[in-house]
Engineer: 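Quick one: this structure, given as structure tokens, is what I'll be asking you about.
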Amino acid sequence: MSDREVIEREADPVAVGRPVHIRLGARAWAKKNLFSTWYDALLTLTLGSLFVAFGWTLIRFLFTSDFAILRVNLALLMVGGFPRDQLWRPVVALILVSILLGLMAGIGSASARDTAEQTGLPYQRSSPMAVLKRFWPVLAFVVVVLMLTETLTPWLVAGAALVAGVGSFPLGRGLPAGVRRFGLVILTIIIAAVYLVLVSGGVGWDGWGGLHLNLFLTVAGLLLAFPLGLLLALGRRSTLPALRAMSVTYIEFIRGVPLITLLLMGIFVIGFFLPTGFRPGNVTRVLIAITLFESAYIAEVVRGGLQSVPGGQVEAAQALGLAPWKTMRRIVLPQALRNTIPAMVGQFISLFKDTTLVVIVGMIDILGASQSANAQGAFLAQGLHRVTLPFVALAFWVGSYVMSREARRLEHKLGVGVR
Amino acid sequence: MTDQGSVFADATQAKGEAIIECVGVDKFFGDFQALYDINITVGLQEVVVVIGPSGSGKSTLIRCINRLEKHDRGSIRVGEIELTDDVRNVQEIRRETGMVFQSFNLFPHLTVLDNITLAPRQVRHIAKDAAEVDAMSLLERVGIPEQARKYPGQLSGGQQQRVAIARSLAMKPKVMLFDEPTSALDPEMIKEVLDVMVELANGGMTMIVVTHEMGFARAVADRVVFMSDGRIVEVGTPEHFFTNPEEDRTKLFLSQIL
């Protein structure tokens with residue numbers, strides 16, 4: 001700070017009152033924050049050496065391990081036993097999903113801009129750097145996967161998916177306000193249908209595996225469980241005793257049973273309850289079990305949300321003459337569901353991780369793939385779990401971390417100007 | 001507008017065509033009796049102000065009129081419609097009566113404009129454009145058309161309550177019920193809400209107002225109803241009520257607040 005500045009600050013009564021930021025030098029900072037007492041110093045040294053040891057182990061691991069097992073089995077880890085001559089199907093599907101995500105982001109950005117314009121709240125379009133900062137774990141994971149590839153094709157696929165996603169962003173943003181919601185719903189349905197037809201074309205979805213299976217079970221399980229859970233939550237709050245009793249019984253029964261039990265029941269027991277001749281494959285059975293399981297938890301999450309809406313909201317709607325179901329649909333549910341976002345994302349993350357339980361019933365998801373890679377002749381009994389399991393862990397960490405961060409963002413965004 | 005109302009029995013009768021009629025209304029919350037034998041008739045274009053200590057059943061009374069609370073004995077009639085358990089009757093009465101709450105109860109997830117147009121569009125099935133034109137003219141009337149696109153959370157308490165009034169008026173009700181509309185407001189915002197209510201009363205709206213604003217009662221009320229412990233203690237014109245109350249309970253209350 002120059003002398004002139006000091007004088008100006010003293011002359012300006014407002015500036016004088018402001019707190020002065022004192023910047024410590026590196027030595028002073030370390031003394032204040034790391035070594036202020038003898039036990040501080042001890043703690044610093046202990047934790048510091050642990051960090052160093054861990055960092056050293058990590059570096060040694062990265063530079064000395066043989067990642068051949070990952071290189072050879074990369075496709076197995078990503079898509080399981082999907083026929084290798086049919087890999088174009090998931091590739092095209094991936095690009096379609098990228099387009100959808102790009103459109104969604106564009107539409108979201110445009111409606112955020114419009115809302116800000118309407119309400120006079122500040123709006124800042126996020127820069128490419130900010131987006132990169134938000135999704136760096138995903139990018140890092142993709143880079144890790146690409147480093148492990150042996151051919152050029154995956155690079156091209158990743159590039160195409162990126163171009164598709166980034167390219168469709170302005171398309172979504174340019175969509176006129178009137179058709180946004182409708183367009184998004186239609187596009188989602190179309191792309192979901194194309195995806196299912198396309199990717200199950202090669203093997204039928206019972207041949208799915210790898211990370212793709214985990215992602216599919218998570219998204220499909222949650223999409224199917226959500227409407228069921230919503231109905232259960234409404235049923236539990238219903239004034240009709242029979243409906244309420246049924247909902248409570250279902251929810252409490254399912255919540256009292258471990259997912260593994262339900263998965264095993266799905267594989268071994270569901271068949272007895274289905275008409276003869278209808279023999280669904282394992283993925284279908286597992287999806288049914290997951291849907292039944294998740295719906296009970298979602299019901300409880302939604303019930304919490306419903307309870308969080310103040311009674312005055314319902315009274316105001318009633319006083320205006322709104323019919324009960326319109327009160328529910330227009331007033332209660334929009335507020336209730338917004339309040340459930342944090343819990344719902346928690347549910348989503350926990351389901352994502354729970355999908356590895358399908359290993360128990362003999363399916364080759366990403367965890368199953370890593371196990372079977374270790375059982376291959378070339379890699380048998382070499383302790384290569386220490387290479388494959390960190391890779392699997394990385395995949396789950398990336399997914400969970402990004403989801404929870406995005407949820408926090410969404411929550412924050414929806415809260416602005418509303419409460 | 002009404003006669004001097006010095007005779008208590010006559011004062012429960014409204015002048016003009018009766019639009020709300022409560023006969024022998026009792027209301028219980030569990031074992032607690034909140035209303036005892038309420039008899040009151042409100043005439044078209046009349047402004048009735050209900051005052052009384054807290055817990056006296058003022059709010060319960062007006063909440064019974066649009067069936068936010070169910071009365072246990074007696075009969076309530078709004079317009080031509082008798083309030084029964086029939087859901088359609090209830091819906092019809094609610095369409096004809098607007099209500100303004102102490103805590104505004106605006107819908108926080110909708111813009112001001114959507115708050116106002118929701119009921120006309122959903123209940124009366126009015127087209128979006130027409131409903132928005134109506135809503136804008138109502139916002140002009142309550143003095144905040146520039147806030148139409150904002151969310152309730154962005155407005156001050158007084159502005160929110162004015163939006164709530166506009167929201168009720170959008171249904172073109174025959175009767176407006178006000179449940180302590182200024183009690184949750186900062187002092188400097190009370191006037192802007194009362195001004196809207198005065199204008200509404202002068203425009204010929206039939207109103208029942210539960211309030212502690214004695215100035216408003218004096219200036220606007222055709223009749224003042226004093227309630228205590230779930231009973232109507234005294235009814236009269238403001239002049240009668242504030243200058244020459246008959247009941248001891250009324251005198252005590254007035255001595256405490258004035």
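When reading the values below, keep in mind they use all heavy atoms of this one structure, side chains included, and skip hydrogens, waters and symmetry mates. Residue numbers begin at 1 in each chain, while the letters A, B, ... track the order of the sequences.
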Engineer: Which distance, rounded to the nearest 0.5 Å, do you find between the CZ of B:Arg121 and the NZ of A:Lys326?
Structural biologist: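 Between atom CZ of B:Arg121 and atom NZ of A:Lys326 there are 10.5 Å.
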
Engineer: If you round to the nearest 0.5 Å, how far is CG of B:Asn105 from CD1 of A:Ile331?
Structural biologist: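 These two atoms lie 11.0 Å from each other.
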
Engineer: Find the distance between CG (A:Leu322) and CG (B:Leu118) and round it off to the nearest 0.5 Å.
Structural biologist: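 Between atom CG of A:Leu322 and atom CG of B:Leu118 there are 5.0 Å.
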
Engineer: Is it true that a side-chain atom of B:Gln91 and a backbone atom of A:Gln318 form a donor plus acceptor pair closer than 3.5 Å?
Structural biologist: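 Checked: no pair found.
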
Engineer: For the atom pair CE (B:Met99) and CD (A:Glu315), what is the distance rounded to the nearest 0.5 Å?
Structural biologist: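 The CD atom of A:Glu315 is 7.5 Å from CE of B:Met99, to the nearest 0.5 Å.
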
Engineer: What heavy-atom pair brings B:Phe107 and A:Ala316 nearest, and what distance separates the two atoms?
Structural biologist: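 Taking B:Phe107 first and A:Ala316 second, the nearest heavy atoms are CE2-CB, 4.0 Å.
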
Engineer: Could you walk me through whether B:Arg149 and A:Glu117 satisfy the salt bridge (Lys or Arg N to Asp or Glu O under 4.0 Å) test, starting with their C-alpha distance in whole Å, then the side-chain angles of each, then the deciding distance to 0.1 Å, before giving a yes or no?
Structural biologist: CA-CA 9 Å; B:Arg149 300 282 172 183; A:Glu117 233 164 61; over 6 Å; no

Engineer: For the CZ atom on A:Arg329, are there more than 12 heavy atoms of other groups (residues, nucleotides or ligands in this structure) within a distance under 6.0 Å?
Structural biologist: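 12 or below, so no.
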
Engineer: Sort B:Arg167 into side chain, backbone, both or neither according to what part of it lies under 4.5 angstrom from a heavy atom of chain A.
Structural biologist: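 Both parts, heavy atoms under 4.5 Å.
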
Engineer: Would you give the length of the straight line joining atom CZ of B:Phe101 to atom CD of A:Gln313, rounded to the nearest 0.5 angstrom?
Structural biologist: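 The distance works out to 10.0 Å.
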
Engineer: Heavy-atom count around A:Arg181 CZ within 6.0 Å, excluding the residue itself: above 12?
Structural biologist: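 No, the 6.0 Å shell around CZ holds no more than 12 heavy atoms from other groups.
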
Engineer: Return yes if some donor-acceptor pair links the side-chain N/O of B:His109 with the main-chain N/O of A:Arg330 below 3.5 Å, else return no.
Structural biologist: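 Yes; at least one donor-acceptor contact below 3.5 Å.
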
Engineer: Which pair of heavy atoms, one from A:Ala319 and one from B:Asn66, lies closest together, and at what distance?
Structural biologist: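 So the minimum-distance heavy-atom pair works out to CB-ND2, 3.7 Å.
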
Engineer: B:Ala119 and A:Leu320: which non-hydrogen atoms are nearest, and at how many Å?
Structural biologist: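 Reported closest heavy-atom pair: CB-CB, 3.8 Å.
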
Engineer: Side chain, backbone, both or neither: which part of B:Ile93 has an atom under 4.5 Å from a heavy atom of chain A?
Structural biologist: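 No part of it gets close to chain A.
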
Engineer: Would you indicate whether B:Glu188, at its atom CD, is surrounded by more than 12 heavy atoms from other residues, nucleotides or ligands within a distance under 6.0 Å?
Structural biologist: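 More than 12 heavy atoms, drawn from other residues, nucleotides or ligands, come within 6.0 Å of this atom.
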
